[in-house]
Amino acid sequence: MCLGVPMRIVSRDGDDIVAEVDGVQKEANIMLLGEDVNVGDYVIVHAGFAISRLDEEYAEETIRLMKEVFSAEDMQ
Amino acid sequence: MKYQDEFRDRALVETMAANIASMAERLAEPVRFMEVCGTHTMAIYQYGIKSLLPENVSLVSGPGCPVCVTPVGYVDQAVAYSKDPEIIVATFGDMLRVPGSESSLMEERAKGADIRIVYSPLDAVSLAAANPGRKVVFLGVGFETTAPGIAASILKAEQLTLSNYYVLAAHKTMPVPMEVLTSDPELKIRGYLCPAHVSTVIGGAAYQPLADRHRIPCVVTGFEPADVMQGIEMLLRQTLRNEHRVEIQYSRAVNWEGNPRALEVLYRVFEPSDAVWRGLGNLPGSGLAIGQAYGRFDAKRMLPVDLPPPREHTGCACGDILKGKISPFDCPLFATACTPETPVGACMVSSEGTCAAAFKYGR
């Protein structure tokens with residue numbers, strides 16, 4: 001039930017979107033999203049509703065931090 | 001797949017494991033962190049995360065699977081509805097095989113009960129619109145991730161002026177059980193991997209009182225293996241620095257305030273209530289009930305049923321497993337009397353359940 005997955009929006013009609021992950025398309029509703037989304041955006045879809053838009057900048061920042069070696073303080 | 005593959009990079013995860021091992025050498029005593037989300041539990045077993053951690057850093061699963069924490073009495077009420085020919089029971093698929101005191105929805109469906117599996121709560125509203133002569137009862141379980149969508153379904157039913165749509169609500173809310181578990185001296189939890197998608201709705205701020213009151217590090221963590229490893233790194237760093245802050249590892253989807261639109265819809269329909277958690281009992285303020293204004297959609301108010309007291313299977317250790325007191329492997333029924341095909345307890349039913357994850361990936 002709780003398997004929210006990041007899906008890419010492939011079409012939008014009002015509050016209804018079709019989003020895709022790994023070639024599988026699902027319909028979802030965006031009325032619970034507080035921000036506007038468009039075709040090409042990634043959203044977390046949970047039980048038929050998009051609940052969050054994925055932020056590309058933060059995703060890249062996270063990867064960068066993951067690759068960063070720890071600061072000297074933590075490694076002593 | 002974007003936003004997945006890059007967080008599953010084996011070399012990256014191995015580097016992080018090495019970092020964690022070096023940090024752990026500086027720990028004064030072993031630490032135990034709890035993940036409170038079924039999807040974390042699944043990812044931890046699926047990717048063998050525990051095998052990547054040093055001996056003095058352990059992970060324990062908490063009450064993060066909504067189906068698993070749903071009490072037997074709730075299943076009994078759903079089973080009772082399914083026996084009424086006037087009623088169509090609509091549910092997410094993972095409630096189907098959860099054993100009640102006498103029966104499960106799966107058994108009732110085999111006997112001819114009209115039970116429909118839906119993907120979205122809005123599908124259940126459509127079902128009600130298409131069947132005006134019958135009542136549709138939707139089984140509203142889940143945490144703050146699911147509750148806004150179920151609230152939205154009630155608003156949709158109101159908009160369509162439907163009088164045959166009902167929700168049997170047993171929603172749970174997150175920070176409260178974490179407070180209870182933190183206070184349990186037997187568990188000795190030293191940090192939390194806070195749920196990812198619940199937090200898209202409630203935000204990182206929701207854990208601040210917990211972190212302050214119990215001086216315990218909390219990191220909102222994503223579901224991919226590199227996310228989980230980074231969440232553990234962040235908890236370890238706080239531990240070593242003697243900090244107790246709320247941090248958001250899963251910043252690509254979670255912010256500090258949460259999703260105000262989803263919260264507004266949620267609290268338009270629901271209000272905080274006490275809730276019974278399997279394994280934890282009744283916890284004040286840990287659930288959501290349908291408020292007075294939308295009471296006509298509330299199955300509990302509108303369609304009361306008389307039920308005998310619920311009975312749990314003796315020997316089922318779900319309760320202790322949900323509290324992180326024992327691992328599935330310590331349960332005498334695990335993989336013998338209790339399997340995903342013939343589950344005795346709910347933890348073996350949902351794919352997010354600790355026992356189901358341990359059965360599939362952990363043996």
Side-chain angles (χ1 to χ4, degrees), chain A residues 1-9 14-37 40-76, chain B residues 1-4 6-7 12 15-16 19 22-23 26 37-39 64-67 92-95 118-123 141-143 145-146 148-150 152 195-198 200-201 222-223 226-227 229-230 233 236-237 240-241 249-254 259-262 265 350-352:
Chain A
M1 177 201 305
C2 272
L3 308 180
V5 287
M7 302 181 84
R8 194 175 67 88
I9 300 176
D15 275 351
D16 297 316
I17 58 165
V18 176
E20 184 186 73
V21 60
D22 287 337
V24 179
Q25 295 200 345
K26 282 251 185 229
E27 289 170 8
N29 185 290
I30 58 167
M31 67 168 280
L32 298 176
L33 269 185
E35 54 188 320
D36 199 28
V37 288
D41 286 342
Y42 282 78
V43 285
I44 304 272
V45 175
H46 177 90
F49 290 88
I51 51 167
S52 176
R53 184 182 70 82
L54 278 165
D55 188 308
E56 198 140 346
E57 271 177 39
Y58 279 116
E60 280 162 20
E61 171 73 2
T62 302
I63 290 280
R64 193 184 64 71
L65 287 172
M66 282 173 173
K67 290 181 176 165
E68 203 170 71
V69 177
F70 279 89
S71 69
E73 187 193 339
D74 290 315
M75 302 309 287
Q76 274 162 16
Chain B
M1 194 65 205
K2 199 173 168 192
Y3 295 123
Q4 281 190 351
E6 60 268 52
F7 297 100
L12 178 60
T15 307
M16 297 169 94
N19 278 340
S22 333
M23 289 171 87
R26 298 179 46 227
C37 177
T39 313
C65 157
V67 170
F92 295 127
D94 37 8
M95 282 301 290
V118 295
Y119 165 65
S120 163
L122 294 178
D123 298 339
V141 295
F143 298 116
T145 344
T146 320
I150 292 170
H197 290 156
V198 162
T200 63
V201 175
F223 291 138
D227 289 322
M229 293 301 275
Q230 193 175 32
E233 277 180 3
L236 270 180
R237 191 186 314 150
L240 290 173
R241 293 178 179 179
Q249 181 279 332
Y250 192 42
S251 55
R252 61 190 183 277
V254 174
N259 177 339
R261 172 84 62 92
V265 171
S350 170
S351 59
E352 297 154 52

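First the proteins, then the strands, lettered A, B, ... as listed; each starts at 1.
The structure places CZ of B:R252 at 11.5 Å from CD of A:E60, a figure rounded to the nearest 0.5 Å. Summarising the geometry, atom CZ belonging to A:F49 is positioned 3.5 Å from atom CG belonging to B:L122; distances are rounded to the nearest 0.5 Å. Taking OG from B:S251 and CG from A:L65, the interatomic distance works out to 8.0 Å, rounded to the nearest 0.5 Å. In this structure, the separation between CG on B:L12 and NZ on A:K67 is 6.5 Å, given to the nearest 0.5 Å. Distance check, rounded to the nearest 0.5 Å: CZ of B:R261 to CG of A:L33 gives 8.0 Å.
Crowding of A:E27 atom CD: a count of heavy atoms from other residues, nucleotides or ligands under 6.0 Å not exceeding 12.
In this structure, no portion of B:D123 lies under 4.5 Å from any heavy atom of chain A. Proximity to chain B is absent for every atom of A:V43, based on heavy atoms less than 4.5 angstrom apart. With a 4.5 Å cut-off on non-hydrogen atoms, B:T15 does not touch chain A at all. Proximity to chain A is limited to the side chain of B:Q230, based on heavy atoms less than 4.5 angstrom apart. Neither the backbone nor the side chain of B:P260 comes within contact range of chain A, judged by heavy atoms closer than 4.5 Å.
Here the closest non-hydrogen pair linking A:G48 and B:S120 is CA-CB, 3.7 Å. Heavy-atom minimum distance, B:H197 versus A:I44: NE2-CD1, 3.4 Å. When all heavy atoms of A:A47 and B:P121 are compared, the pair lying nearest together is O-CD, 3.3 Å.
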query: Taking it one step at a time, do A:E56 and B:Y3 satisfy side-chain contact (heavy atoms from CB on, under 4.5 Å)?
result: CA-CA 9 Å; A:E56 198 140 346; B:Y3 295 123; 3.4 Å; yes
A:M66/B:Q249 under side-chain contact (heavy atoms from CB on, under 4.5 Å): CA gap, chis, key distance, verdict: CA-CA 10 Å; A:M66 282 173 173; B:Q249 181 279 332; 3.6 Å; yes
field: Residue pair B:F7, A:T62: steps toward the side-chain contact (heavy atoms from CB on, under 4.5 Å) verdict
entry: CA-CA 9 Å; B:F7 297 100; A:T62 302; 4.0 Å; yes
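No donor-acceptor distance shorter than 3.5 angstrom exists from the side chain of B:T200 to the backbone of A:S52, with no hydrogens or angles considered. For the pair B:N259 (side chain) and A:L32 (backbone), a donor-acceptor distance under 3.5 Å is present.
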